Each structure stands twice: as C-alpha cells, then as structure tokens.
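Comments concern the structure below.
Just so you know, ligand 1 is whichever comes first in the structure, and atom 1 is the first atom listed for that ligand. Just so you know, these numbers come straight off a predicted model, no measurement behind them. Residue numbers start at 1 and run along the sequence shown.
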Amino acid sequence: MWGGRFAQGPSAVMREINASIPFDKLLWRQDIRASQVHARMLADRGIISAADAEAIHDGLDTIADEYERDGVPEDWDLEDIHMTVESRLTELIGPAAGRLHTARSRNDQVATDFRMWVREASDAAIAGLDALRAALVRRAGEHADSVMPGFTHLQTAQPVTLGHHLLAYFEMTGRDQSRFVDALDRADECPLGSAALAGTGFPIDRHQTARELDFFEPTRNSLDAVSDRDFALDYLMAASQCALHLSRLAEEMIIWASQPFGFVRMPDTLSTGSSIMPQKKNPDAAELVRGHAGRIVGCTTALMVTMKGLPLAYSKDMQDDKPPVFEAAALLELCLAAMTGMVAECTFDTDRMREAAERGYATATDLADWLVREADIPFREAHHITGAAVKLAEQRQVALDRLPLEDLQAIDGRIDERVFAALSVDASVASRASYGGTAPEQVRQRVAEAREALGLED
Ligand code: ARG
C-alpha cells in the first residue's frame with residue numbers, strides 16, 4: 001500500500017510488530033459500514049462516479065458476507081483490518097477499489113471505526129446493567145423485611161434489611177449506567193473526513209457521513225479528531241468503576257457464602273466443586289468477578305499510560321488502544337452476566353441472617369436512643385449505660401432483649417418495661433424510617449420506584 005517510496009520490504013520483526021490484524025479484525029463490521037457511507041458521500045459530492053461507488057458498496061457487502069461466514073483472514077502483510085478489507089475489495093472489483101480511500105486516511109478511519117465499536121460496547125454495558133439491576137430489585141422486593149446484621153469494619157453494627165443492602169447495589173449500578181450514558185454522549189462526534197491530520201482538499205460532506213453513521217455531528221478539529229482516544233478512556237473508566245462495584249458485590253457474596261457466615265447459598269450453576277475435598281462448593285464465579293476487576297483496571301491503566309505524552313496527531317502507539325478496550329469489554333460482559341445470575345438465583349438463609357443480627361447486640365444503639373428519647377438522658381451517658389447492658393448480656397450469653405428488666409434497672413433505674421419494644425431487631429429496622437433508611441416501609445417504596453424506573457412488570 002505504501003511501497004512506492006521503499007527499495008526493500010519490511011523485516012520479519014517489522015511485519016510482526018506492525019500487524020494489528022490479529023486483534024483489530026474485531027472492527028470489521030464498523031470498518032465496512034463506515035466505508036460504504038464514505039463511498040456514498042464521495043459519489044454524492046461528485047468526487048467519485050456513482051458506478052464506482054456502487055461497485056464499492058456491493059463489493060463491501062460481499063466481503064461482509066465472507067467474513068460473517070468464514071471469519072476475517074489474518075495476513076500480517078496487510079497490517080490491519082482497513083488494508084485487509086481494501087485488498088479484498090481490490091480482488092473483487094478491481095481498480096475502482098482504489099478510489100475508496102480518496103479524502104480519508106487510516107487515521108480518521110480507525111478513529112471512526114473504533115468509536116463506533118466502543119459505542120456498541122457502552123450500549124452492551126448499559127443493557128447488562130439493566131439486567132443486573134432488575135435482578136437486584138426483584139430480590140430486594142422479596143426481602144424488604146428480612147433482617148440481617150449491617151456491618152461497619154465488618155463488625156456487626158446495626159440491624160438492616162437485606163432488601164436495603166441489595167438496593168445499595170441498585171444505586172451503585174445506576175451511577176455506573178449514567179457513566180456509560182455520559183461516555184456515549186461525549187463520543188457522539190464523527191472523526192471521518194479529518195483525513196491524516198489536517199482535513200482534506202476534496203469537497204466532502206462531513207455532516208452527511210456523521211449523520212449516516214448515527215453520530216450527532218462531525219468533530220470540529222481534525223488534529224484532535226485523529227489523536228483523541230478520550231472516548232476509549234471514558235469507556236474504560238466507566239467500565240473500571242462498574243467492575244469495582246461488581247467486585248464488591250462478589251466479595252460480599254464470597255463472605256456470605258462461607259460456612260461461618262452461611263448467609264447465602266450460591267446457585268450450583270455458578271459454583272464449582274473441589275477435586276480433593278468432596279464437601280466443598282466454591283464461589284469461583286464470584287472470585288473471578290473480583291479478579292477480573294483487577295484486569296479491567298489494568299486495561300484502563302494500560303491505555304492511560306499509552307496516551308500520556310503523545311504529541312499531536314497520530315502516532316503508531318495508538319494502535320495499542322484496541323487490545324485493552326476489547327479485553328475489558330469482554331470481561332465486563334462476563335462479569336455482569338455472572339453477577340446477574342448470582343443475584344437472581346442465590347438462596348438467602350434469612351434465619352441465619354436474623355440469628356447473626358440478634359447475636360451481635362446490633363440493637364445496642366436502639367437502647368441508647370431509647371434512653372435519650374424516653375428518659376431524657378444525654379446521648380454520651382446513654383452510650384455508657386448501654387455499654388454496661390451489652391457487657392452483662394455478653395456474660396449471660398443472651399440477646400439484649402432477653403435480659404430481665406430487673407437486671408437492666410440495676411444498671412440504670414430509669415429503664416422500664418417499654419424498652420423491650422425497642423430492642424428487637426424488627427423494631428430496630430422498623431424505626432429507621434428516615435428517607436433512604438433501612439425500614440421495610442422505606443425499602444418497599446424504593447423498590448416500587450425502582451420497578452417503575454426499570455419498567456418491571458412481573
Ligand atoms: N492499524 C492502525 C491503528 O490502529 C491504523 C492507523 C494507521 N495509521 C498510520 N498512520 N499508520 O492505529
């Protein structure tokens with residue numbers, strides 16, 4: 001393609017280091033579509049003949065059929081997907097194929113193809129998040145009243161409802177979705193027609209190609225357009241944040257599935273056994289989601305470091321933009337599917353959760369609050385009195401609400417029998433009815449709103 005100036009061909013190492021076809025063949029659909037739109041515009045503007053544009057269009061259709069059927073051939077001499085397609089087009093339609101590259105360069109071509117690909121990856125992530133969020137809301141609705149220990153420092157803190165806990169992830173994944181939406185919005189400009197770096201002398205219509213490729217508008221600066229990979233980084237950063245959230249959920253599932261916790265049983269379909277310990281059921285899918293988050297963050301770091309310090313405009317370093325994005329997108333899709341299945345199909349052991357909440361003196365704050373409210377004791381003093389009650393309950397190995405009234409009164413005479421109404425875990429969660437609190441009534445409201453937002457019917 002550029003042999004005119006060269007006396008010798010590339011060495012074996014040059015061919016190998018230069019070839020991006022092993023990975024950028026994933027862009028074939030975008031490349032063919034963008035070329036068809038480009039050829040049509042060239043004909044509309046009288047830059048190439050209608051007959052050539054039609055031959056190019058039909059030839060590209062044939063290539064699409066071939067790739068669909070047989071895959072994309074990998075010839076290192078053709079470097080990348082752009083030259084692979086063009087070379088096949090030349091075989092199919094002859095010299096007219098050589099007119100396709102008028103008024104463009106591989107620099108604006110790859111920027112356009114890749115944007116289109118990343119846009120689809122964002123759409124896929126948004127759809128995957130929709131499925132996960134629907135599963136979270138359904139399970140939250142089932143468990144609006146199920147009491148479990150809420151933790152800080154992974155120490156039992158206060159009772160919460162399982163529904164409330166699941167809805168925390170609904171919020172996190174909602175922000176993740178909005179980051180992908182935001183990334184899509186910023187990526188909605190078409191680089192095609194920026195040519196190598198400076199624009200072109202041909203009378204092209206960039207608005208037409210932008211429109212026909214479903215972009216909102218053409219990019220406004222050709223130098224920026226061919227050297228900008230913000231859209232890929234925006235995607236990767238959104239994917240990283242999302243992966244972190246999935247990893248936290250996975251980590252909780254792993255902890256909850258462990259025998260000392262026993263809060264959840266993983267679905268068989270997302271677990272594995274051990275080859276030597278027959279009793280084991282391992283949460284491998286969750287562990288891999290946790291692990292993959294590391295790889296996705298690694299992909300983001302890889303492209304950030306690739307881009308830092310590159311002068312304008314295009315440099316070949318930028319060919320390395322694709323593997324991390326492709327890798328992250330494939331991993332994220334798997335992670336979303338795995339977590340959706342896990343949330344939808346796991347079995348929560350709500351008896352175990354309740355027992356754990358009762359065992360951990362999770363209602364100690366409720367006792368202190370009761371003393372403040374009903375006996376007008378300053379909170380710091382109430383905290384102290386409650387500490388003594390917890391110590392006593394610990395010695396007797398009973399829950400706070402199982403301590404006899406006399407014993408509580410021996411600690412502080414201002415306590416009376418009404419306190420027991422506040423000390424059960426159910427009373428505790430029901431009392432936390434502030435907006436966004438854990439009370440079943442609040443959870444049910446949030447679930448109703450979430451169902452409405454997602455358009456869930458069943
Ligand atoms: N395969 C190249 C890439 O992905 C296409 C652009 C090549 N441009 C060039 N000036 N050599 O970056």
Partner of Glu189 under salt bridge (charged side-chain N to carboxylate O under 4.0 Å, His left out), chosen from Arg119, Arg220, Arg211: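 Going through the options one by one, the only one that passes is Arg220.
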Lys NZ or Arg CZ of Arg446 over Tyr435 ring: under 6.0 Å, within 45°: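 Yes.
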Near-ring test His165/Trp256, centroid separation under 6.0 angstrom: yes
For Glu120, side-chain hydrogen bond (donor to acceptor under 3.5 Å, both in side chains) partners two or more places apart: Gln30
side-chain hydrogen bond (donor to acceptor under 3.5 Å, both in side chains) partners for Arg206, two or more places apart: Thr219
Output, or 'none' if empty, a list of ligand 1-protein atom pairs in which both atoms are N or O and the distance is under 3.5 Å, rounded to 0.1 Å.
residue: ligand 1; atom: 1 (N); partner: Ser20; partner atom: OG; Å: 3.3
residue: ligand 1; atom: 1 (N); partner: Asp80; partner atom: OD2; Å: 2.9
residue: ligand 1; atom: 1 (N); partner: Gln319; partner atom: OE1; Å: 2.7
residue: ligand 1; atom: 4 (O); partner: Lys322; partner atom: NZ; Å: 2.8
residue: ligand 1; atom: 8 (N); partner: Asn107; partner atom: OD1; Å: 2.8
residue: ligand 1; atom: 10 (N); partner: Asn107; partner atom: OD1; Å: 3.0
residue: ligand 1; atom: 12 (O); partner: Tyr314; partner atom: OH; Å: 2.3

Determine all donor-acceptor pairs shorter than 3.5 Å in which one atom belongs to a side chain in residues 121-130; sequence neighbours excluded.
residue: Asp130; atom: OD1; partner: Gln177; partner atom: NE2; Å: 3.0

